[in-house]
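Written out below as structure tokens is the structure these notes cover.
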Amino acid sequence: MPNTKYIIVTGGVLSGLGKGIACASIGMLLSSKYKVVPIKCDGYLNVDPGTMNPVEHGEVFVLEDGGEVDMDFGHYERFLKVSAKSDWNLTMGKVFHEIRIKERRGDYLGKTVEYVPHVVDHIKSRYLGVAKAEKADVVIIEIGGTVGQIENNLYIEACRQLKKDVGADNIMYVHLAYVPIPSGVNEQKSKPTQQSVTMLRERGITPDMIVARCAEMLTDKIKGKMATFCDVEKEDVITGLDVDNIYKIPLVFEKQGMVERLNKKLKLKIKPDLKHWRELIVGYENTPRTVKIAICGKYTDLEDSYASVVEALHHAGANHKSKVEISFIETTGFENLSQELESFDGIIVPGGFGSRGIEGKIKVIEHCRENNIPFLGICYGMQLAIAEFARNVCGLKDANSTEINPKTPYPVIDILPEQKTVKNKGGTMRLGAYPADLKKNTKISNLYKSETASERHRHRYEVNPLFHKILENKGMIFSGMSPNKLLVEFIELSHHSYFVGCQGHPELKSSLLKPAPLFYGLIKAALQR
Ligand code: GLN
């Protein structure tokens, strides 16, 4: 395409309306023909979300290049078939960090460095830079949070100015709002949308399209109201319907003619083919089969903490034509274990940090190992599976990770050598994609259908090489090792229906059309139970 097209997506009324999914869905509709690149702008002052507690901000998503980014990148990658890059996530922390470096270097010598033009110009140059570097046909820029939040003003100003830089035919503004139906009134209400659009217009942007989240399809009447008050065409008011399955959103948008409106506004020519996508969703919906999976962790207060794990389970289920019912089990103060776990067909112990809830997780793992319950341990989950095996099979009493007990007599999990001197916390873990060589004829190599596998990592600890022999002698299989043969990347047990662990995070690369092999294997084993 001669000109990159820009779609700016802002939010109004409240956060958590699914703006990331809306962006990913719009992108998905365009991605069959065009190269779509998403950019996410967050207002906070952390350089990246890697230093935030997932209960505060949701899962930290890790990219191939090692970038720790907003969880919306999970949606983008799952819907758009792109491998995102760290550069595509802007935070105000990153922006100001870069401005300060430029200022110290003398790039602005003689000038007072100001929000406008300097910071706004810098943000715009980041947008244009990504578009150019990626040779993008379409760039979708999502502004996190809502219009009116003070930390978003610079992004919004940059997006307003962008119209002049790229030309009115090459940019459109989409506003995601909310239409409540208050109980008692039982009528769709447009006022919150009108108010947030007013706020957007105060900042110089009139939306070209409104996506209004609502529990029902919007009535013609309310669409008319919004068109009048918000200065859009009625056809450009699209319902962001509440759905039980986020993968339906592209279908919901398409059915309402969103594609034609995008084509018209941006002078595009696209007719997406959603046949395979639709078939998988319909198949998933109508299947009579169900498996029950428990995710046992400590960030269970906010399900978004495990967003990619949840999605990967659904992908695997859809490809086995079986629904996956997911329960979250808090392992802190975990007591009536066998009772609680009895009803599940498979268990996941996901990634995590620190010592809270650890003994509960180890008990869960022991229960799975001894009762032949399909188990997948991810990162911390794999490390704790090693600790459990060391304690209960190898007889190494109080074996542990030094992350939990630095004085353990048997440090079966220990800090990676290159991590010992690391002082700064931000962006310093072993991050991003690393390959592993897989042992032939193992469950894991059979699932990957390959002798190598690459998964994304985010950790500081490893299986201590001093204990490799002891563990292997007792039957722990290291089915995948780093190419230099030092680091355990995958483990499994034979004589068990499915006892598998992975140092990386296979959930991060899973998608509906291409489920992660280890999740596929877990659901398969769970169905056979
Ligand atoms: N806390 C462990 C480590 O740093 C595991 C990390 C994780 O589960 N992502 O190695």
Side-chain angles (χ1 to χ4, degrees), residues 244 284 287-303 305-352 355-393 399 404 443 447 475-476 491-502 506-507 515-516 518-529:
D244 51 351
Y284 194 46
T287 177
R289 296 208 285 184
T290 310
V291 274
K292 288 189 172 175
I293 304 288
I295 298 176
C296 301
K298 73 164 177 179
Y299 305 124
T300 49
D301 285 348
L302 181 72
E303 292 184 11
S305 316
Y306 301 116
S308 293
V309 175
V310 168
E311 293 310 319
L313 282 168
H314 290 306
H315 302 152
N319 284 273
H320 278 295
K321 297 206 171 18
S322 168
K323 282 201 189 83
V324 183
E325 255 175 53
I326 302 169
S327 303
F328 292 90
I329 294 187
E330 172 64 54
T331 53
T332 313
F334 201 62
E335 274 155 21
N336 280 336
L337 162 101
S338 0
Q339 246 176 322
E340 274 220 53
L341 296 182
E342 220 153 67
S343 59
F344 295 104
D345 306 307
I347 307 269
I348 290 184
V349 175
S355 52
R356 181 164 71 80
I358 287 309
E359 288 306 318
K361 289 186 192 176
I362 291 181
K363 272 192 196 158
V364 168
I365 296 167
E366 180 182 357
H367 182 80
C368 292
R369 188 179 52 74
E370 294 206 323
N371 296 289
N372 201 30
I373 298 171
F375 162 78
L376 175 60
I378 299 170
C379 201
Y380 217 8
M382 179 197 97
Q383 297 176 356
L384 297 172
I386 291 287
E388 188 280 325
F389 191 82
R391 289 182 191 180
N392 299 327
V393 179
I404 304 159
K443 279 194 188 91
L447 282 166
M476 181 56 75
I491 63 165
E492 66 187 77
L493 291 178
S494 49
H495 312 298
H496 189 290
S497 62
Y498 193 82
F499 191 97
V500 162
C502 175
E507 71 275 20
L518 299 191
F519 283 78
Y520 187 84
L522 176 75
I523 298 300
K524 188 173 176 196
L527 279 165
Q528 281 163 359
R529 216 171 111 75

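We count residues from 1, following the sequence as given.
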Got a second to check how far Ile362's CD1 is from His367's NE2, nearest 0.5 Å?
-> 16.0 Å
Non-hydrogen atoms of Tyr284 and His314 that approach each other most closely | OH-ND1, 2.7 Å
Min side-chain heavy-atom separation Val349-Tyr380 under 4.5 Å = no
To the nearest 0.5 Å, what is the distance between CD1 (Ile386) and CE (Met476)?
-> 4.5 Å
For salt bridge (Lys or Arg N to Asp or Glu O under 4.0 Å), just list the numbers for Glu359 and Arg391, CA-CA rounded to whole Å, side-chain angles, deciding distance to a tenth of an Å, and then say yes or no.
-> CA-CA 12 Å; Glu359 288 306 318; Arg391 289 182 191 180; 2.9 Å; yes
Result of checking Val291, Val324, Leu376 against Leu313 for side-chain contact (heavy atoms from CB on, under 4.5 Å) = Val324
Examine distances only and state if a side-chain atom of Thr331 and a backbone atom of Gly357 form a donor-acceptor pair shorter than 3.5 Å.
-> yes
Closest non-hydrogen atom pair, Pro350 against Ile348 | CD-O, 3.6 Å
Between Ile326 and Phe344, is any pair of side-chain heavy atoms under 4.5 Å apart?
-> no
Answer whether the closest heavy-atom distance between the side chains of Phe519 and Val309 falls below 4.5 Å.
-> yes
Salt bridge present between Arg369 and Glu492 (N-O < 4.0 angstrom) | no
Atom pair CD (Glu388) and CD (Glu370), whose distance is rounded to the nearest 0.5 Å | 7.0 Å
Using a 4.5 Å cut-off on heavy atoms from C-beta on, say whether the side chain of Val500 contacts that of Ile491.
-> no
So, does His496 use its side chain to make a donor-acceptor pair with the main chain of Cys368 at under 3.5 Å?
-> yes
Does the ring center of His320 lie less than 6.0 Å from the ring center of Tyr520?
-> yes
Starting from the C-alpha separation in whole Å, work towards a yes-or-no answer on salt bridge (Lys or Arg N to Asp or Glu O under 4.0 Å) for Glu330 and Arg356.
-> CA-CA 10 Å; Glu330 172 64 54; Arg356 181 164 71 80; 3.3 Å; yes
Can you name the closest pair of heavy atoms from Tyr498 and Leu518 and give their distance?
-> OH-O, 2.6 Å
Looking only at atom types and distance, does a side-chain atom of Thr287 sit under 3.5 Å from a main-chain N or O of Lys321, one as donor and one as acceptor?
-> yes
Can you name the nearest heavy-atom pair linking Ala385 to Ile365, along with the distance?
-> N-CD1, 3.6 Å
Less than 3.5 Å apart, which donor and acceptor atoms pair up between the side chains of residues 521-529 and the rest of the protein, not counting sequence neighbours?
none

Return yes when atom NZ of Lys292 has more than 12 non-hydrogen atoms of other residues, nucleotides or ligands closer than 6.0 Å, and no otherwise.
-> no
CZ (Phe328) and SG (Cys296) are apart, to the nearest 0.5 Å, by 10.5 Å
Is there side-chain contact between Ile373 and Asp345, with heavy atoms separated by less than 4.5 Å?
-> no
Flag, side chain of Ser497 to backbone of Asn372, donor-acceptor distance under 3.5 Å = yes
Out of curiosity, Ile404 CD1 to Gln383 CD, how far, rounded to the nearest 0.5 Å?
-> 8.5 Å
Indicate yes or no: at least one non-hydrogen side-chain atom of Val364 is less than 4.5 angstrom from one of Ile347.
-> yes
Taking all heavy atoms of Leu493 and all of Gly475, pick out the closest pair and write down the distance.
-> CD2-O, 3.6 Å
Of all the heavy-atom pairs spanning Tyr306 and Gly297, show the shortest one and how long it is.
-> OH-CA, 3.5 Å
